[in-house]
Amino acid sequence: MDNAATQSPVKHRWRMVANLRRAVLMLLVFGQTAVASYYLLWVLPYHGGTVLEIGMLVLFAILYAWIAIGFWTAVFGFVIRLFGGDRHSILKRHTDAELLRTPLAKTAVLLPIYHEPVHWTLSGLKAVYRDIERTGQIEHFEFYILSDSRDPDVWLEEQVAWNKLAKELGGEGRVFYRRRPVNLNYKSGNVADFLRRWGKRCKYMVVLDADSLMTGSTIVRMVRLMQREPGVGILQTNPNIINGQSLFARIQQFANRFYSTLFASGLAAIQMGDAAFWGHNAILRIEPFMKHCGLRKLPGIGIFGGPIMSHDFVEAAFMGRAGYEVWLEPGVGGSYEESPPTLADELARDSRWAKGNLQHLWVMLREPGLRFAHRMAFLNGIMAYVASPLWLGFLILTTIAAANMTLMPIEYFPDGNQGMFPRWPEWRPEWALGLALSTLGLLFFPKFLAIIDAVIHRFTKDFGGSFRLFCSVMLEIVISVLLAPVRMWAHSRYVVSALLNVSLQWAGQNRTEETGWQEALITQLPGMLVGGAWSTFAWSLDTMFFLWSLPVALPLILAAPTSVYLSRNSLGQALRKRRLLLIPEERKTMALLEDAVWYRSREPSNSTLAPLEQAVLRLDHNRLHQALAWDHRHGSRKAELESCVARCLEQGPGALSRSEMSQIARDRQSLRAMHEGAWRASPDSFWGRSIARLSAQTKDI
């Protein structure tokens, strides 16, 4: 057993507190769900006397419990903050003076990337580097850009940008770049490859996403906390969304920044040392991670076979199984990421996450030795997507029930019950109204509880003042009501596709583009047709049922214009000028965020040549790529590479496949031969015309 697994008094104490809190949470959730289900039982005409009503009752209970967990998590967070924070958190165990006296250990900052905008992404890493530099502790950190990009035009640009970045920072020997020749097991495989090569160089690693930013003081503080807590394997802080430009991104940014204060505090108080890991903006202890968190391929069939797509929750569970603690500490702060700019981009990301989260069902049920809290974290992630088809199923059953009551004669002996006494259907509209209001309360009360929290702790000014904060919350509620049915329909399709093991394409995320009308109509048309058909059918049945259907049907019908207008940057910026949907980071300057914006705005001069052409023609680029390449001319590969070089020199890159161009760009001798041959090409050839464009570009400079 590892040293981390030894049961110290402190560990015993937090586990006792965590078990008590979780027991209270379960009592509140299941108690409230039982009462709500009892009410529904008596709202239904036959009080659960039919198979249809039993199905409705089961789905309602599952969904109500799911909503109640979120509600009580927010309440826990409110109470915790009301009493000055969680005194059992690891952050409260150490004073600032103690942390300042704690020596640092060598830490790797990892940036795994896959077909990301190169300048934009590396500018963010540059801002993080500079901010750590401002702490005076840069000598304790190394930076690794870990590329999985497959397109040679992308990874050749990455290599040039990395070289330039290292020189600008004076970070030669501190800022490294590695591209995997074989892309296996997604991001987890990328990190695993780093650990196999260089894992023993550092004690800790901080994992970033392409859009991640973390302040230098936060990273240094997390290292010191890990130094003082040898039993902690992963320390996760809560990332806040920033830099939202479109209306959609600003809505997501405001909701994340304002509501997460309560939700993250409540979640941290319930999970304590059994927290989840979100895959980025966290620090990990390398030795136990290498020893215990390797991910085997799932042995099942379909979606439950092959590599694990969503690795983070699994790695946290394996770390916990090894006896190490995993903590979420919202109080650390200084952690940021960005939101997808459009609804279409968010849903595209969710299509991948849905499949990855559903895979966790196998791990949750079949993996031995996992802590109960981590199994519940798996269930929570699964329900984030399965809740949508359950909700859709509930709506289908209620529609069938309404159709039966309207179109069919009243059945006094439902489901073949031929007893002596008939079962009279009963309607209790006042109970139904009360049940609906209680459900809405679970959904929306935490948002107003966040306003009360802001007033109590006097930070309403950070969000534009009390009045504008209230207006922002109301606007966010309206938009969330419009988006909920659209997400339900999309997530239901994703869950079905995942269970059918439909293959997915993984690509870099859109950071800037707005959604066009054609794209919106194509992607949202199925949901619009479903919403229109359902609403029409509801109207034909009963006026009250039609009105009941509108909160779901109308957002589906309006999905295309909603998607288009939410993607507009102009609407987002107009609200910002009016100080609506404001967040604290937009009111006060922060060196890290200012640096990131400044570096990203300084786009390199546009070249008329593609990165591949520059790699061949520019001597400085060619020599750089040669230095990073290998000698692959062995056996049959030599003739194959020589043939590819000859075709490329004669006809240009368009004559070769992406794989063939990658082979040339990875081979040192081929790069040299391409450079020498291209400069000898005739003026009217592809390479001759490229040289002319390069010469014109050089003269302009």
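Everything numeric in this text was worked out from a predicted model, so none of it was measured.
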Does a donor on one side chain sit under 3.5 Å from an acceptor on the other, for [X] and [Y]?
{"X": "Gln227", "Y": "Thr102", "value": "no"}
{"X": "Tyr144", "Y": "Arg197", "value": "no"}
{"X": "Asn622", "Y": "Gln626", "value": "yes"}
{"X": "Asp345", "Y": "Thr342", "value": "yes"}
{"X": "Asn569", "Y": "Gln245", "value": "no"}

- Step-by-step side chain to side chain contact (heavy atoms under 4.5 Å, CB included) determination, Ile664 to Leu656: CA-CA 10 Å; Ile664 289 177; Leu656 277 67; 3.5 Å; yes

Taking 4.0 angstrom as the limit, do [X] and [Y] come out as a salt bridge?
{"X": "Arg178", "Y": "Asp193", "result": "yes"}
{"X": "Asp96", "Y": "Arg221", "result": "yes"}
{"X": "Asp462", "Y": "Arg587", "result": "yes"}
{"X": "Glu650", "Y": "Arg647", "result": "no"}

- How far apart are the C-alpha atoms of Ser567 and Phe248, what are their side-chain angles, what is the distance that settles it, and do they pass the side chain to side chain contact (heavy atoms under 4.5 Å, CB included) test? CA-CA 6 Å; Ser567 74; Phe248 178 82; 5.9 Å; no

Using 0.5 Å steps for rounding, measure from the [atom1] atom of [X] to the [atom2] atom of [Y].
{"X": "Lys355", "Y": "Ser310", "atom1": "NZ", "atom2": "OG", "answer": "11.0 Å"}
{"X": "Cys293", "Y": "Ile234", "atom1": "SG", "atom2": "CD1", "answer": "6.0 Å"}
{"X": "Ile691", "Y": "Phe686", "atom1": "CD1", "atom2": "CZ", "answer": "10.5 Å"}
{"X": "Leu671", "Y": "His621", "atom1": "CG", "atom2": "NE2", "answer": "13.0 Å"}
{"X": "Ser246", "Y": "Arg250", "atom1": "OG", "atom2": "CZ", "answer": "9.5 Å"}

Taking every non-hydrogen atom, the tightest pair across [X] and [Y]:
{"X": "Lys203", "Y": "Ala105", "answer": "CD-CB, 3.8 Å"}
{"X": "Leu99", "Y": "Arg228", "answer": "CD2-CD, 3.8 Å"}
{"X": "Val118", "Y": "Ala161", "answer": "CG1-CB, 3.6 Å"}
{"X": "Arg600", "Y": "Gly124", "answer": "NH2-CA, 3.6 Å"}
{"X": "Ala520", "Y": "Val564", "answer": "CB-CG2, 3.5 Å"}
{"X": "Gln614", "Y": "Leu609", "answer": "NE2-O, 3.1 Å"}

Would a distance-only check, ignoring hydrogens and angles, find a side-chain to backbone donor-acceptor pair under 3.5 Å from [X] to [Y]?
{"X": "Gln697", "Y": "Thr608", "result": "yes"}
{"X": "Gln359", "Y": "Ile303", "result": "yes"}
{"X": "Arg568", "Y": "Glu514", "result": "no"}
{"X": "Asp153", "Y": "Leu612", "result": "yes"}
{"X": "Asn190", "Y": "Leu146", "result": "yes"}
{"X": "Trp327", "Y": "Ala275", "result": "no"}
{"X": "Ser662", "Y": "Arg658", "result": "yes"}
{"X": "Arg179", "Y": "Ser149", "result": "yes"}
{"X": "Thr218", "Y": "Gly333", "result": "yes"}
{"X": "Arg174", "Y": "Phe141", "result": "yes"}

Any chance [atom1] of [X] has more than 12 other-residue heavy atoms, nucleotides or ligands included, within less than 6.0 Å?
{"X": "Glu603", "atom1": "CD", "result": "yes"}
{"X": "Trp598", "atom1": "CH2", "result": "no"}
{"X": "Glu139", "atom1": "CD", "result": "yes"}
{"X": "Lys106", "atom1": "NZ", "result": "yes"}
{"X": "Arg693", "atom1": "CZ", "result": "yes"}

- What do the steps show when you test Met205 against Thr107 for side chain to side chain contact (heavy atoms under 4.5 Å, CB included), and what is the final call? CA-CA 5 Å; Met205 62 180 180; Thr107 302; 5.8 Å; no

Less than 4.5 Å apart, any side-chain heavy atom of [X] and any of [Y]?
{"X": "Met319", "Y": "His292", "value": "no"}
{"X": "Tyr565", "Y": "Leu247", "value": "no"}
{"X": "Glu158", "Y": "Ile145", "value": "no"}
{"X": "Tyr336", "Y": "Leu592", "value": "yes"}
{"X": "Gln663", "Y": "Arg637", "value": "yes"}
{"X": "Leu617", "Y": "Ser690", "value": "yes"}
{"X": "Cys648", "Y": "Trp687", "value": "yes"}
{"X": "Val207", "Y": "Lys187", "value": "yes"}

- Query: Can you list the steps and then say if Glu585 with Gln253 is a side-chain hydrogen bond (donor to acceptor under 3.5 Å, both in side chains)?
  - Reply: CA-CA 11 Å; Glu585 286 75 13; Gln253 174 179 280; over 6 Å; no

- Message: Working note: Tyr114 + Trp155, criterion ring pair (Phe, Tyr, Trp, His ring centres under 6.0 Å); need CA distance, chi angles, decisive distance, verdict.
- Response: CA-CA 9 Å; Tyr114 176 70; Trp155 59 263; over 10 Å; no

- Item | Trp120-Tyr599 aromatic ring centre distance below 6.0 Å | no

- Message: Students often mix this up, so state it plainly: with edges at 30° and 60°, are the rings of His311 and Phe277 parallel, tilted or perpendicular?
- Response: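 His311 vs Phe277 ring planes: perpendicular.
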
